[in-house]
Amino acid sequence: MTPPVRVRFAPSPTGHLHVGGARTALFNWLFARHHGGAYILRIEDTDRSRSTEENIDSIVDALRWLGLDWEEGPPTAGYRQTERFDLYREHASRLVAAGRAYYCDCPPALLDEQRKAAEARKETFRYSGRCRERGLTAGALRLRVPDEGTTVVNDLIHGAVTFDHRQLDDWILVRSDGTPTYNFCVVVDDVTMRITHVIRGNDHLSNTPKQILCYEALDYSVPEFAHMAMILGPDRSRLSKRHGATSVQAFRDAGIPADAMVNYLARLGWSHGDQEVFSRAELVELFDIKAVGASGAIFDHTKLEWLSHQYIKTMPAAPLAALVIPFIERAGLAVPSDRSRLAGMLDTLRERAKTLVELVEVGRFYFERPRQYEAKAAAELFTGAGPARLARLVTALEAVPEWTAPALEGVFRVLTEALGLKLVDLAQLTRLAVTGRTASPPIFDVLALLGREETLARLGAVPAAGAST
RNA sequence: GGCCCCAUCGUCUAGAGGCCCAGGACACGGCCCUCUCAAGGCUGAAACACGGGUUCGAAUCCCGUUGGGGCCA
């Protein structure tokens, strides 16, 4: 029997969760869910100078928003590296006792000198091994690495990657000041948390042979590894702040639905035939770590927005309303109390917006009367025959027996005919008067949703020719 | 600098020797639909980095070059 799958996402709380980290988290989560395993969140906060509580909260908040729930991790104690120093110490002692690690007191100056010499010879710097057999009992703790041979990383994405021991050296597990190094903490954490699959960024592939040697020295079995390519900026360099918004909450604030974000991130480096849109259940069912690509992918905002649009367009009314309401409020607008009316409004808006922010913007006129009118259009439509046509319209609308979109359309068509105009003439005039704009959802739907009273009020509030901005 | 990874349309990718003079999606152009804007439908342009092999046959396998990225410093 293979042991149950246990994976982890281990961010450093030195900033917000960015999209690269979010994708790593997502792939781990999908892998766990697909295999019915456990997903663990671990906070790698050994860099105390840059780790903050705010950042931990922010990362947790971002993961929750994305819906990547974990079985083990904060707020439960014991999932932060700063709470685990006893474990690191304990494992260090074990390595010393077993003779697999030794203390070293080489002064930094000497090491620097050797490093420079190696560089001059165009060779990889390797620790000389000066302290290997000196039997010291204090100093920096180094792992004994064989001089000869190779270590092979059997990577689920890259296949077998071989590292020559001559390129590795007796790396430091614990610094002379007693603090454990990153690679050592990771190994101890992963073994003590019984992690079966380490799924992480490509940037750790080069560290992996060192870690494998450490697992072996500790006499632990080595987990499976999968190193995924990183997310790149448009210039193909590693995605960073200078490429614009990269934090997960920036996308939430921009009105991207979490499901769309997840869908986009999943498709970045992974695919399933020609399918582009995946429900979460489909993602869990179809995800296969072996189908993850080995090459880096550029983060494409445009495609993310397209996916966001797909979700907004097809989502059922109630969840869409739940997502939109905070954005209506944030814009300082009034949320219609009648939920079915709101749903009707959203139905006319959803295919016109790529984000929730945009949706509120294009539907602004539903939530408040136009405060201004598009100047160029107003100058053309509210002059000449405009006012007279509006008056005729008001009269006709006052008499409409049934205030529905089809009935309204009928009235418009009859009046259009009578005035010898085209439908577009009256439609645009009305649109501008009612929404302040020349583009909106179908005007009859808009009027129906606004209601007779509000429509007539807006038609009557049109400014005198030339008085608009 | 040493080592490691990567390389199909502008972008995300399909492709695991013949199904490919390379398919889908985003973005872009055109046409249609149409009360505006969208959405939708149809359609167009657009790629196997380069050079050697292996093979009857290579985007697919091997080697090298170039380019990009990463790790160590």
Side-chain angles (χ1 to χ4, degrees), chain A residues 111-112 114-116 118-127 151 153 155 157-159 161-169 171 182-183 201-210 227-239 263-277 290-310 312-314 347-354 358-359 362 374 377 381 405 408-409 412-413 416 421-432 434-435 437-447:
Chain A
L111 264 16
D112 271 355
Q114 292 171 345
R115 200 186 326 276
K116 283 189 188 118
E119 214 162 293
R121 276 177 282 129
K122 299 195 172 186
E123 283 173 15
T124 303
F125 168 70
R126 290 184 84 233
Y127 173 63
T151 289
V153 179
D155 192 277
I157 293 170
H158 295 279
V161 182
T162 305
F163 293 85
D164 200 310
H165 288 171
R166 280 176 299 235
Q167 297 300 330
L168 273 21
D169 72 349
W171 56 285
Y182 170 78
N183 282 306
N202 224 331
D203 46 342
H204 294 291
L205 182 54
S206 302
N207 287 327
T208 308
K210 289 160 77 168
H227 288 93
M228 29 191 284
M230 341 216 56
I231 299 183
L232 278 24
D235 59 358
R236 291 221 155 259
S237 70
R238 187 181 183 157
L239 189 68
N263 194 149
Y264 177 72
L265 256 15
R267 271 292 282 103
L268 208 55
W270 174 82
S271 63
H272 180 75
D274 288 339
Q275 192 171 345
E276 296 286 349
V277 181
K290 291 196 175 109
V292 173
S295 56
I298 292 173
F299 191 87
D300 181 3
H301 279 258
T302 312
K303 187 144 185 182
L304 202 214
E305 289 197 332
W306 174 78
L307 261 173
S308 173
H309 185 201
Q310 297 307 306
I312 290 173
K313 216 169 64 181
T314 57
D347 280 341
T348 69
L349 262 19
R350 61 202 310 162
E351 69 190 25
R352 296 176 165 74
K354 295 191 285 290
E358 208 177 297
L359 188 145
V362 295
E374 281 181 31
L381 295 170
L408 290 165
E409 178 164 359
F412 269 70
R413 290 202 183 271
T416 299
L421 297 171
K422 281 186 273 187
L423 185 58
V424 65
D425 298 319
L426 279 188
Q428 283 304 79
L429 177 62
T430 308
R431 191 175 334 263
L432 186 66
V434 169
T435 72
R437 302 174 189 179
T438 52
S440 84
I443 193 62
F444 310 117
D445 291 333
V446 169
L447 300 187

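Side chains included, hydrogens not; waters and symmetry mates left out as well; all remaining heavy atoms used. Below, chains carry the letters A, B, ... as their sequence lines are ordered, and counting in each starts from 1.
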May I ask you to say what [X] touches in the nucleic acid, namely base, sugar-phosphate or nothing, with a heavy-atom cut-off under 4.0 Å?
X        : value
A/Gln167 : sugar-phosphate
A/Pro441 : base
A/Gly201 : nothing
A/Thr302 : sugar-phosphate
A/Arg238 : sugar-phosphate
A/Ile298 : sugar-phosphate
A/His309 : sugar-phosphate
A/Arg121 : nothing
A/Arg267 : base

- Message: Tell me if the NZ atom of A/Lys354 is crowded by more than 12 foreign heavy atoms within 6.0 Å.
- Response: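 No, not enclosed.
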- Message: Taking donor-acceptor contacts at under 3.5 Å, does the side chain of A/Asp274 reach the base of B/G23?
- Response: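 Such a pair exists between side chain and base.
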- Message: Could you check whether the side chain of A/Lys303 and the base of B/A27 have a donor-acceptor pair of N or O atoms closer than 3.5 Å, going by distance alone?
- Response: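 Answer is no: no donor-acceptor pair is held.
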My understanding is that a pair needs two contacts under 3.5 Å, Watson-Crick or G-U wobble. By that rule, which nucleotide pairs with [N]?
N     : value
B/A59 : none
B/A7  : B/U66
B/C42 : B/G30
B/C19 : none

- Query: Are OP1 or OP2 of B/G40 and a side-chain N or O of A/Lys313 less than 4.0 angstrom apart?
  - Reply: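 Result: yes.
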- Message: Is there a side-chain contact between A/Ser271 and the phosphate of B/A14, meaning an N or O under 4.0 Å from OP1 or OP2?
- Response: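 Answer yes for this pair, as a side-chain N or O of A/Ser271 is under 4.0 Å from OP1 or OP2.
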- Name all residues meeting the side-chain contact (heavy atoms from CB on, under 4.5 Å) criterion together with A/Ala229; count only those two or more places apart in sequence or in a different chain, and write none if there are none.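 Scan of A/Ala229 (side-chain contact (heavy atoms from CB on, under 4.5 Å), adjacent residues dropped) gives A/Asn202.
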- Message: Work out how far the P atom of B/G67 is from that of B/A22, and round it to whole angstrom.
- Response: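 Nearest-Å result for B/G67 against B/A22 at atom P: 30 Å.
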- May I ask you to test the A/Tyr264-A/Phe299 pair for a side-chain heavy-atom distance under 4.5 Å?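 Side chain of A/Tyr264 against side chain of A/Phe299, heavy atoms only: contact under 4.5 Å found.
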- Do A/Arg267 and A/Asn263 have side chains that get closer than 4.5 Å, going by heavy atoms?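 SC-SC contact between A/Arg267 and A/Asn263 confirmed.
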- Message: How many whole angstroms separate atom CD of A/Gln310 from atom C1' of B/G40?
- Response: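 So the two atoms are 11 Å apart, to the nearest Å.
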- To the nearest angstrom, how far is A/Leu268 atom CG from B/U13 atom C1'?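 In whole Å, B/U13 C1' and A/Leu268 CG are 10 Å from each other.
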- Query: Relative to each other, are the rings of A/Phe444 and A/Phe412 parallel, tilted or perpendicular (30° and 60° limits)?
  - Reply: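 Rings of A/Phe444 and A/Phe412: perpendicular, as their planes differ by over 60°.
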- Item | Whichever of A/Arg352 and A/Met230 has its nearest RNA chain B nucleotide further upstream toward 5' |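 Closest to the 5' end, via its nearest nucleotide, is A/Arg352.
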- Query: Where each residue is assigned the nucleotide of RNA chain B containing its nearest heavy atom, which of A/Ile443 and A/Phe125 is assigned the position nearer the 5′ end?
  - Reply: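 Counting from the 5' end, the first nearest nucleotide belongs to A/Ile443.
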- Message: Measuring from the side chain of A/Arg115 (C-beta onward, heavy atoms only), which nucleotide among B/U36, B/U13, B/A73 has the closest atom?
- Response: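 Within the option list, the nearest is B/A73.
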